[in-house]
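Notes follow the structure.
Ligands are counted one by one from 1 in listed order, and the atoms in each one are counted from 1 as well. When reading the values below, keep in mind they use all heavy atoms of this one structure, side chains included, and skip hydrogens, waters and symmetry mates.
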Amino acid sequence: MTEQIYKGLAGVVADHTAVSKVNPESNSLLYRGYPVQELAAALSFEEVALLLWNGELPSSAEKQEFLDFERSHRALDPRVRSAIDLLPLDCHPMDVGRTAVSVLGANHPLSEDSSPEAELTKAKELFAVFPAVVAYDQRRRRGLELVEPRQDLDYSQNFLWMTFGEEAPEEVVDAFRVSMVLYAEHSFNASTFTARVVTSTLADLHSAVTAAIGALKGPLHGGANEAVMHTFEEIGIDPAETREDAAARAKAWMEQALAEKRKVMGFGHRVYKSGDSRVPTMKQALDAMVEYYGRGELMGLYDGLESAMGEAKNILPNLDYPAGPTYHLMGFDTEMFTPLFIAARITGWTAHIAEQRANNALIRPLSAYNGPDERHL
Ligand code: CMC
């Protein structure tokens, strides 16, 4: 009998989820029923996190309670800081993020408590502390001291404050907030599915998140946002160049890359075939940053690559394409882009972990053996 193989599980519906709905036909993405564009236009990332975890928008009392909790759990645990300090400055920051979550799990008194209350507490704590991991890691790589969190700032303001040691302008905070909301959740993507597989064995939440970070690191998934910036860097970024010249160089680069059959990160998607629903909103945020920093030549590179890819292969950008240059303009080092994705996706992962636990079945597919026939020593 020849088994039907679904390579890469493409087209396989593995389970139900009430967390989000990706609809490639209408190019829409709903978090708990709400279009992500509406959420990005109107809500803080903290409110979106509560929506993903609880299924409903928070009341003002629930929101305030979470804001107080989040602000009081931002500081880096000294044990995590010591563990980070043991890691080499040239290791990938995703290794730092993965290690930090693992250390937090090993030290957590509720590590093995998988009751819904304990799981939600652990999820909220990870949400609150992860920005300090990213911020500290970028700073130590630049030879700078840790900046303590500030209670008077919201999540996005404080994230930027801890990273750069100065208050970010409103425009930058807003673009950052939008990126967090858009990156928060996307159904059964590779890292979320990884988190669900680990949860399905009844392992603890920190193990599931640590594994998810490993899955996110790859350039076919989260790592694409930094790969986009490496593409820009390979083409060459020259702030003095005109937008038109930059576009022409980018176009020529893309034609050459496609002729060499290279995969260009930031384009294409397993589910969306006529455009990623999140791109227009992220592109607006990028446009705002380009205008704020006066860097039209970056848009030249952006447009040149996009139009050449569209003309040659009709493959459209995914969220990582506008997110990469947005984070670059804000001042994040390229290798920090995927850890920023972790900070956002902790919400979606932990909402899926709770859903998996509430209605669990061990995830264990079959395989079709194609090795040697039975043989004997
Ligand atoms: N550059 C060049 N060609 C591409 C690209 C690309 N980015 N994406 C797809 N193609 C081509 C591919 O070469 C293949 O062509 P052919 O049929 O001639 O061999 C065809 O399109 C189908 O590609 P595939 O890789 O089999 O399709 P898939 O559904 O498995 O791919 C994907 C989805 C995301 C893995 C792929 O588009 C890709 O590798 N993109 C680049 C990585 C990337 O940007 N990832 C981020 C995804 S969205 C955010 C996230 O979840 O993290």
Side-chain angles (χ1 to χ4, degrees), residues 5-12 17 19-24 27 29 31 36 94 97 178-196 212-232 234-235 250-251 253-283 285-286 302 304-327 334-349 352:
I5 307 286
Y6 297 93
K7 190 89 177 150
L9 300 183
V12 172
T17 181
V19 183
S20 69
K21 179 177 180 183
V22 181
N23 192 339
N27 259 2
L29 170 61
Y31 292 175
V36 71
M94 289 296 278
V178 166
S179 76
M180 290 288 114
V181 171
L182 295 176
Y183 265 136
E185 161 57 14
H186 210 223
S187 77
F188 282 20
N189 56 84
S191 58
T192 301
F193 193 64
T194 301
R196 291 189 75 126
I213 293 173
L216 188 71
K217 182 180 178 187
L220 295 189
H221 189 12
N225 63 7
E226 58 182 90
V228 168
M229 215 52 228
H230 290 310
T231 298
F232 279 40
E234 188 182 322
I235 298 168
K251 209 157 184 266
W253 183 93
M254 179 64 99
E255 283 158 6
Q256 174 76 22
L258 293 179
E260 291 166 4
K261 304 235 168 301
R262 281 175 71 172
K263 239 187 188 179
V264 183
M265 302 302 156
F267 289 90
H269 202 275
R270 172 62 68 76
V271 181
Y272 299 115
K273 296 299 174 197
S274 55
D276 180 328
S277 59
R278 304 161 294 179
V279 165
T281 311
M282 194 62 225
K283 172 75 173 18
L286 170 60
Y302 185 100
L305 290 175
E306 183 182 5
S307 67
M309 178 64 107
E311 280 162 28
K313 296 193 73 129
N314 198 24
I315 297 178
L316 297 163
N318 57 53
L319 173 60
D320 292 321
Y321 190 57
T326 303
Y327 290 145
T334 303
E335 287 67 28
M336 306 311 297
F337 297 178
T338 319
L340 295 173
F341 193 158
I342 302 180
R345 191 57 64 87
I346 278 171
T347 56
W349 289 333
H352 279 274

Relative to the heavy atoms of Pro219, which atoms of ligand 1 are at a distance of less than 4.0 Å?
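Under 4.0 Å from Pro219, ligand 1 has these atoms: 42 (C), 43 (C), 45 (N).
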Which of the numbered atoms in ligand 1 are below 4.0 angstrom from a heavy atom of Gly266?
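Counting atoms of ligand 1 from 1, those under 4.0 Å from Gly266 are 43 (C), 44 (O).
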Indicate yes or no: does an N/O atom of Arg270 lie under 3.5 Å from an N/O atom of ligand 1?
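Arg270 vs ligand 1: N/O contact under 3.5 Å present.
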Does an N or O from Leu220, backbone or side chain, lie closer than 3.5 Å to an N or O of ligand 1?
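Yes.
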Protein heavy-atom partner closest to [atom] - residue, atom, separation in Å:
| atom | result |
| --- | --- |
| atom 27 (O) of ligand 1 | Lys273 NZ, 4.5 Å |
| atom 48 (S) of ligand 1 | His269 CD2, 3.4 Å |
| atom 8 (N) of ligand 1 | Phe267 O, 3.8 Å |
| atom 47 (C) of ligand 1 | Asn318 ND2, 3.6 Å |

Could you walk me through whether Met265 and His230 satisfy the side chain to side chain contact (heavy atoms under 4.5 Å, CB included) test, starting with their C-alpha distance in whole Å, then the side-chain angles of each, then the deciding distance to 0.1 Å, before giving a yes or no?
CA-CA 9 Å; Met265 302 302 156; His230 290 310; over 6 Å; no
Between [X] and [Y] (side chain of the first, backbone of the second, donor and acceptor by atom type, cut-off under 3.5 Å), is there such a pair?
| X | Y | answer |
| --- | --- | --- |
| Asn318 | His269 | no |
| Asn225 | Phe337 | yes |
| Arg345 | Ser191 | no |

One residue to check: Tyr321. Relative to ligand 1, which of side chain, backbone, both or neither has a non-hydrogen atom less than 4.0 Å away?
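Neither; nothing of Tyr321 gets under 4.0 Å from ligand 1.
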Does ligand 1 have a heavy atom under 4.0 Å from the side chain of Met254, from its backbone, from both, or from neither?
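For Met254, there is no contact with ligand 1 at all, from either part.
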Are there protein heavy-atom neighbours of atom 16 (P) of ligand 1 below 4.0 Å?
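False for atom 16 (P) of ligand 1.
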Right, does atom 4 (C) of ligand 1 have protein non-hydrogen atoms nearer than 4.0 Å?
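Yes; the ligand atom in question has protein heavy-atom contact below 4.0 Å.
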What's the spacing between Met229 CE and Thr334 OG1 if we round to 0.5 Å?
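The distance works out to 5.5 Å.
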Out of Lys263, Met309, Arg345, who gets a non-hydrogen atom closest to atom 13 (O) of ligand 1?
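Looking at heavy atoms only, Lys263 sits closest to atom 13 (O) of ligand 1.
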The one among Ile315, Val264, Asp320 that brings a heavy atom closest to atom 1 (N) of ligand 1
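Looking at heavy atoms only, Val264 sits closest to atom 1 (N) of ligand 1.
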